[in-house]
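Accompanying notes for the structure given below.
The first residue in the sequence is number 1, and the count goes up from there. First listed ligand is number 1; within each ligand, the first listed atom is number 1. Just so you know, these numbers use all the heavy atoms, side chains as well, and skip hydrogens, waters and symmetry mates. For clarity, every value in this text was computed on a predicted model and none was experimentally measured.
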Amino acid sequence: MRIQTDFLVLGSGIAGLTFAIKAARAHTNRKILVLTKTVEGESNTRYAQGGVAAVWDHEKDTFGKHVEDTLDAGDGLCRRDIVEIVVEEGPERVQELIDWGARFDKEKNSDNYDLAREGGHSEHRILHYKDLTGWEMQRSLMEEAKRYPNIEVLEHYFALDIITQHHLGRMVIRVTPDIECYGCYALNKQNGEIDTLLSRVTVVCTGGTGQVYKSTTNPVIATGDGIAMTYRAKGRVENMEFVQFHPTSLYNPAGENPSFLVSEAVRGFGGILKTAEGGEFMHHYDERLSLAPRDIVARAIDSEMKKRGTDCMYLDCRHLDKEGFMAHFPTIYEKCLGLGIDPMKDMIPVVPACHYMCGGILVDEHGRSSIHRMYAAGECSSTGLHGANRLASNSLLEAMVFAHRIFLDTQDKIDHWSFQENVPDWNAEGTTDPKEMVLITQSIKELKEIMSYYVGIVRSNVRLKRALDRLYLLFQETEELYKTTTISPQLMELRNLITIAYLITRSATHRRESRGLHYTTDYPGKLAFEEFSVL
Ligand code: FAD
Ligand code: SIN
């Protein structure tokens, strides 16, 4: 089938739906098609717990403080202009979401929002809805989107490849200056057909990459498809070595995919990291103790676990007010009880897990990628906000700010962009159904092991080299399979994850220093800026 749409949006999380709503409202005569690979409500957004950071209480907090906290966490690699844009435009975007129906918790008997604090924040500035902030944001966005008849959401549609001049038979390489996006090919998972979706403009909002590691807080949809598609289309991708590990996922010896998150807001509420014996250890690592930025806390936990040969460390909440804890963290409380842990009587076992991709599709301050007529927003993009380490709760904020900026940038341009009708349909000649799915499922397992053991929180030249060698084998085997096998979501996810793993590992190999989330025992120090810029 061939489908034409004015705006093609890949992804129905906070970035995709925010953009779709704005475009639909401003262009009532234009069609906005939102693709999502499972159901509309399934996304990383839906699982966000802690909340969204925004300067709200202007008596205590300032834009300047939020900017400095973000720059500090980013360890020298944030773009200050982008940080200022996101921090200063953020509150307006949050207010918009409130106007669309999102609820955030308020202080008792007051109209003031109950602002929480998380690691790396010098003030209380996190708006939240219990420990279900993402669920509430996703809900309100979906409800708002339903009000616009010109938005169509196609569920169970898997975007496969960005269409460019390459598909018209022209040679496209990474330095080709005028690569243009005409839409994408997508697998309709319900009938197995591959459709050609032609658009005037495409906005990639496909979210994170967490599933490249064995243990992650990201749901199974987070396979980095948008970043991998962009890389295949010869678009620019950056900062992939900066993979954020959340310090406190719930340790479950039975294993869970995804790992359940114990929000950083629990530490903001007074939870303290401890050893099994009940001793504190964070003072050995940072004066901000349990509320130091994530890279520092995750490395501290990793180092303590290795030193002690234990599988987890602990978060002690036993001294906290039970009523307050249950009001703020009902989901965490219930989840712990389900595993036989009573947070008011037992310490919560925690372990770091892959959580967030700070790098991604390189975009400018308007969300434009290096491919014309293709934008990117949300976790799949690299705007310059996070630098070498994202400050907690800045991600939802960034997604909203950039979705808005893309909307503004496309507002007039859309009238000048037309459809490229000459795009051929997908050619599936010479492929047959896979005879052994185990070839795909086992490769995904291998990939996750490679990344977890060799390209985790602590890296070294030897481990990175070993990872690259193993990844090359997986790449070769999978490309052979791809040439002869009918397209399936599993096969495409494997291909995409291999690309993501390669990009993370190669970027880590190139960064011959330790900075932010990238720590290597071979180069434990930071390069000075002059040394760094000649690499
Ligand atoms: P997502 O919300 O992940 O949406 C991606 C969409 O793309 C999905 O609809 C998916 O189906 C679709 N998609 C992907 N690939 C394809 C494809 N090939 N074809 C079609 N569709 C596709 N951040 C904060 O700021 N505050 C928090 O408190 C917070 N807590 C978090 C807690 C958890 C457990 C997790 C996992 C993350 C948390 N984050 C938090 C991070 C934040 O939730 C995400 O970075 C953010 O929601 C990403 O939004 P997004 O719109 O970019 O992508
Ligand atoms: C959390 O609640 O700890 C997650 C916050 C985030 O990832 O920004």
Side-chain angles (χ1 to χ4, degrees), residues 8-19 34-54 90 116 118-121 126-129 131-135 137-138 141 153-161 184-187 189 197 203-211 216-229 244 246-249 258-268 294 297 329 332 353-358 360 376-381 386 390-400 402-403 489 492-493 496:
L8 175 62
V9 182
L10 307 183
S12 61
I14 189 167
L17 289 182
T18 304
F19 174 80
V34 179
L35 246 57
T36 188
K37 71 177 176 179
T38 61
V39 290
E40 187 183 0
E42 183 60 349
S43 60
N44 271 13
T45 301
R46 186 225 171 289
Y47 295 93
Q49 290 188 355
V52 53
E118 290 178 357
H121 287 275
I126 321 285
L127 290 104
H128 59 92
Y129 177 74
D131 53 3
L132 288 167
T133 312
W135 177 88
M137 290 172 114
Q138 183 81 38
L141 286 164
V153 179
L154 291 181
E155 294 188 321
H156 305 290
Y157 253 80
F158 192 117
L160 301 173
D161 265 323
C184 80
Y185 292 111
L187 171 69
K189 288 163 66 180
L197 308 185
V203 186
V204 182
C205 304
T206 45
T209 62
Q211 287 291 327
T216 176
T217 61
N218 291 191
V220 295
I221 52 126
T223 51
D225 301 346
I227 301 174
M229 278 190 280
Q244 184 170 74
H246 196 291
T248 58
S249 79
S259 302
F260 183 82
L261 183 72
V262 180
S263 175
E264 194 152 308
V266 174
R267 278 174 279 138
R294 273 188 200 163
V297 182
F329 310 113
I332 295 171
C354 173
H355 183 62
Y356 186 83
M357 169 48 75
C358 292
E379 190 166 340
C380 68
S381 67
H386 309 309
R390 174 180 68 104
L391 183 65
S393 289
N394 263 356
S395 164
L396 297 165
L397 191 72
E398 179 196 43
M400 291 191 287
F402 271 84
M492 288 312 291
E493 286 183 349
N496 291 339

Residues in the immediate environment of ligand 1 (any heavy atom closer than 4.0 angstrom):
Gly11, Ser12, Gly13, Ile14, Ala15, Leu35, Thr36, Lys37, Glu42, Ser43, Asn44, Thr45, Tyr47, Ala48, Gln49, Gly50, Gly51, Tyr157, Phe158, Ala159, Cys205, Thr206, Gly207, Thr217, Asn218, Ile221, Asp225, Leu261, His355, Tyr356, Gly378, Glu379, Arg390, Ser393, Asn394, Ser395, Leu396
Would you mind running through ligand 2 and noting each atom that sits below 4.0 Å from a heavy atom of Glu264?
1 (C), 2 (O), 3 (O)
Tell me whether the rings of Tyr129 and Trp135 are parallel (<30°), tilted (30 to 60°) or perpendicular (>60°).
parallel
Working to the nearest 0.5 Å, report the span between SG of Cys354 and NE2 of His246.
11.5 Å
About how many Å separate CD1 of Ile126 and OG of Ser393, when rounded to the nearest 0.5 Å?
4.0 Å
Heavy atoms only, cut-off 4.0 Å: how does Asp131 contact ligand 2, side chain, backbone, both, or neither?
neither
Residue, atom and distance of the protein heavy atom nearest atom 2 (O) of ligand 2 read Ser263 OG, 2.7 Å
Within the 4.0 Å heavy-atom cut-off, what Gln244 brings close to ligand 2 is neither
Can you find an N/O atom of Ala392 closer than 3.5 Å to an N/O atom of ligand 2?
no
With rounding to the nearest 0.5 Å, note down the distance linking NE2 in His355 to CG in Leu261.
5.5 Å
Just to verify, what does Glu493 make a salt bridge (charged side-chain N to carboxylate O under 4.0 Å, His left out) with, not counting sequence neighbours?
Lys37
If we count only N and O atoms by modelled type, under 3.5 Å, do the side chains of His128 and Thr133 hold a donor and an acceptor together?
no
With side-chain contact (heavy atoms from CB on, under 4.5 Å) as the test, would you mind laying out the steps for His386 and Glu398 before giving the verdict?
CA-CA 9 Å; His386 309 309; Glu398 179 196 43; 3.0 Å; yes
For atom 4 (C) of ligand 2, closest protein heavy-atom neighbour:
Arg294 NH2, 3.4 Å
List the closest protein heavy-atom neighbour of atom 8 (O) of ligand 2: residue, atom name, distance to the nearest 0.1 Å.
Ser393 N, 2.6 Å
Taking every non-hydrogen atom, the tightest pair across Leu391 and Gly119
CD1-O, 3.6 Å
Check: Thr217 and Pro258 side chains under 4.5 Å, non-hydrogen atoms
no
Using distance alone, determine whether Gln49 and ligand 2 share an N or O pair under 3.5 Å.
no
For Asp225 and Asn496, which heavy atoms make the closest approach, and how far apart are they?
OD1-ND2, 3.0 Å
